[in-house]
Amino acid sequence: MAAFRFLTAGESHGPTLGVTIEGVPAGLELTADDLVIDLARRQRGYGRGARQAIETDRAEIVSGVRHGRTLGSPILLLVRNRDFENWTKVMQVEPLTDEEAAAMEEAVAGGDKRATPVTRVRPGHADLAGALKYGHSDVRNVLERASARETAARVAAAGVARRFLSELGIEVWSFTAEVGGVALDPANASRSREETEASPLRCPDPDAEARMIARIDEARSNGDTVGGVFEVVAQGVPIGLGSYVHWDRRLDGQLAAAVMSINIVKGVEFGLGFEQTRRFGSAVHDVIEGRGDAGRWIHRSNNAGGLTAGVSNGEPIVVRGAVKPISTLARPLPSADLITGEPVEKAHYERSDISVVPAAGVVGEAMVLLTLARAVLEKTGGDSMDEVRESMARLRERLARPVPAPTVGSKRAVAVAASSPEDIKTGDGVFGSGGDD
Ligand SMILES: Cc1cc2nc3c(=O)[nH]c(=O)nc-3n(C[C@H](O)[C@H](O)[C@H](O)COP(=O)(O)O)c2cc1C
């Protein structure tokens with residue numbers, strides 16, 4: 001069983017979101033204030049809709065923490081939906097009484113959009129597949145959970161993972177790399193991290209950001225939406241998280257699944273990503289320079305994005321998520337009605353974002369933080385922070401030490417130079433020159 005895991009609950013307009021996190025070691029200092037910043041960062045960004053003006057997300061720590069320190073027991077966090085007060089009857093948990101049901105019918109007859117069942121399924125959203133899968137006639141039952149409001153619970157959980165990882169020298173950040181086909185120019189990424197955080201799209205390149213904003217404005221004035229790309233960077237990850245020995249232990253696979261699980265992400269890349277397929281190997285692979293200061297292994301570049309063979313290689317982990325345009329359009333696409341099966345001119349519309357790349361980046365950070373926390377605990381073990389810290393310090397110390405000479409049988413080999421310079425040139429080593437399979 002995984003040492004560290006989490007599970008969220010809650011509907012978009014229900015009373016509250018919740019998340020249980022299991023496997024956080026005892027003795028980690030944690031308060032609700034530690035979780036506030038990322039929740040606020042998830043709500044910001046040019047192109048977001050009116051919902052964010054209603055919510056001021058704050059996670060309440062309900063269990064697993066005493067006197068500001070984790071107990072090692074499951075942590076339960078709640079994030080209240082302030083908007084619930086506008087949806088109390090529509091999202092009521094208890095069955096409706098006859099009077100309440102009659103009042104609801106009256107509201108529908110009077111054109112109350114919230115109370116009216118949703119049947120004109122939106123292209124690109126969970127509506128059709130979700131309703132048919134679970135046998136719902138009202139798409140409200142689908143969209144309430146499929147909504148990315150759920151990612152607020154993930155971000156709250158990731159605040160705990162961030163506290164945990166920061167104790168071990170691991171830090172995770174993200175920025176907006178592209179919106180609507182406008183990409184940042186790394187040569188023009190002049191903003192500091194603080195300046196980037198304060199900017200409307202959390203983009204380090206001010207010129208590109210201005211053009212990205214113009215694309216969002218263009219989408220808004222056309223009743224349309226627009227996507228983009230975020231980039232998440234994890235610093236301080238030691239060599240050796242993940243493994244190549246089984247498919248499901250590869251850290252690249254775990255991170256890709258985690259980032260791909262974000263409602264709206266349609267592609268994931270590491271480092272140079274798909275660009276690698278267009279270059280020769282000599283222009284892709286990161287030359288290993290040898291050891292530098294304090295025994296640290298140095299690569300000349302980081303095209304692999306910090307992961308080789310599913311194992312962290314000591315370079316920053318660089319993951320990008322491709323964000324599709326939001327599927328709820330102010331000028332809705334044609335669609336069909338779930339009940340009649342007949343075409344309709346316009347799909348359902350309800351208050352929606354126009355572009356969410358910076359917010360999706362914060363959710364991307366969250367999924368990377370949660371995945372790294374699990375990978376770290378798998379490597380270090382430990383029920384208390386003291387045990388984890390000691391184990392991580394031992395790992396970093398071993399990685400900094402010289403690697404012992406290899407042994408042949410029970411004897412230390414005297415020289416490693418079994419290959420002549422000529423062998424190296426041709427690729428013919430002592431083990432032959434065949435491929436791997
Ligand atoms: C931060 C964030 C905010 C989102 N806001 C909206 C929104 O306002 N309207 C909408 O239709 N989709 C929104 N989405 C995307 C949908 O939740 C998502 O497209 C939908 O659940 C279907 O999942 P899929 O895109 O992975 O196929 C948002 C996603 C994120 C990450």
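One-based numbering along the sequence shown. Just so you know, ligand 1 is whichever comes first in the structure, and atom 1 is the first atom listed for that ligand.
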Mark up the atoms of ligand 1 that fall under 4.0 Å of a heavy atom belonging to [X], in ascending order.
| X | result |
| --- | --- |
| Ala146 | 17 (O), 21 (O) |
| Lys324 | 19 (O), 24 (P), 25 (O), 27 (O) |
| Ala148 | 2 (C), 3 (C), 4 (C), 17 (O), 28 (C), 29 (C), 30 (C), 31 (C) |
| Ser352 | 7 (C), 8 (O), 9 (N), 10 (C), 11 (O) |
| Arg48 | 1 (C), 3 (C) |

**Item:** Test: Arg215 cationic atom under 6.0 Å from Tyr46 six-membered ring centre, within 45° of axis
**Value:**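 Here Arg215 fails the 6.0 Å and 45° test against Tyr46.
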Looking only at protein heavy atoms, which one is nearest to [atom], and what is the separation?
| atom | result |
| --- | --- |
| atom 11 (O) of ligand 1 | Thr328 OG1, 2.4 Å |
| atom 15 (C) of ligand 1 | Ile264 CD1, 3.7 Å |
| atom 14 (N) of ligand 1 | Ile326 CD1, 3.6 Å |
| atom 8 (O) of ligand 1 | Asp353 N, 2.9 Å |
| atom 20 (C) of ligand 1 | His125 CE1, 3.4 Å |

**Asked** Knowing that exactly one of Glu365, Gln235, Glu197 qualifies, which makes a side chain to side chain donor-acceptor pair (under 3.5 Å) with Trp173?
**Response**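 That would be Glu197.
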**Item:** Spacing of Glu60 atom CD and Thr16 atom OG1 [to the nearest 0.5 Å]
**Value:**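 Between atom CD of Glu60 and atom OG1 of Thr16 there are 7.5 Å.
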**Message:** Checking the N or O distance criterion of under 3.5 Å, is ligand 1 in contact with Arg351?
**Reply:** no
**Message:** Run the side-chain hydrogen bond (donor to acceptor under 3.5 Å, both in side chains) test on Glu144 and His13 for me, step by step, so that the C-alpha distance in whole Å, both residues' side-chain angles and the decisive distance to 0.1 Å come before the verdict.
**Reply:** CA-CA 7 Å; Glu144 282 292 331; His13 300 100; 2.7 Å; yes
Between [X] and [Y], does any side-chain donor sit less than 3.5 Å from a side-chain acceptor?
| X | Y | result |
| --- | --- | --- |
| Asp83 | Asn86 | yes |
| Arg163 | Ser166 | yes |
| Thr56 | Arg82 | yes |

**Message:** If you take the nearest heavy atom of each of Glu350, His348, Lys266, which one is closest to atom 24 (P) of ligand 1?
**Reply:** Lys266
**Asked** Can you tell which of Asn263, Val323, Thr225 gets a heavy atom nearest to atom 18 (C) of ligand 1?
**Response** Asn263
**Prompt:** Quick check: are there more than 12 heavy atoms from other residues, nucleotides or ligands sitting under 6.0 Å from CD of Glu275?
**Reply:** yes
**Asked** Under the side-chain hydrogen bond (donor to acceptor under 3.5 Å, both in side chains) criterion, do Gln254 and Thr371 qualify, and how do the steps go?
**Response** CA-CA 7 Å; Gln254 293 171 13; Thr371 307; over 6 Å; no
**Asked** Closer than 4.0 angstrom: is that true for some heavy atom of Val363 and an atom of ligand 1?
**Response**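 Flag not set, Val363 not near ligand 1.
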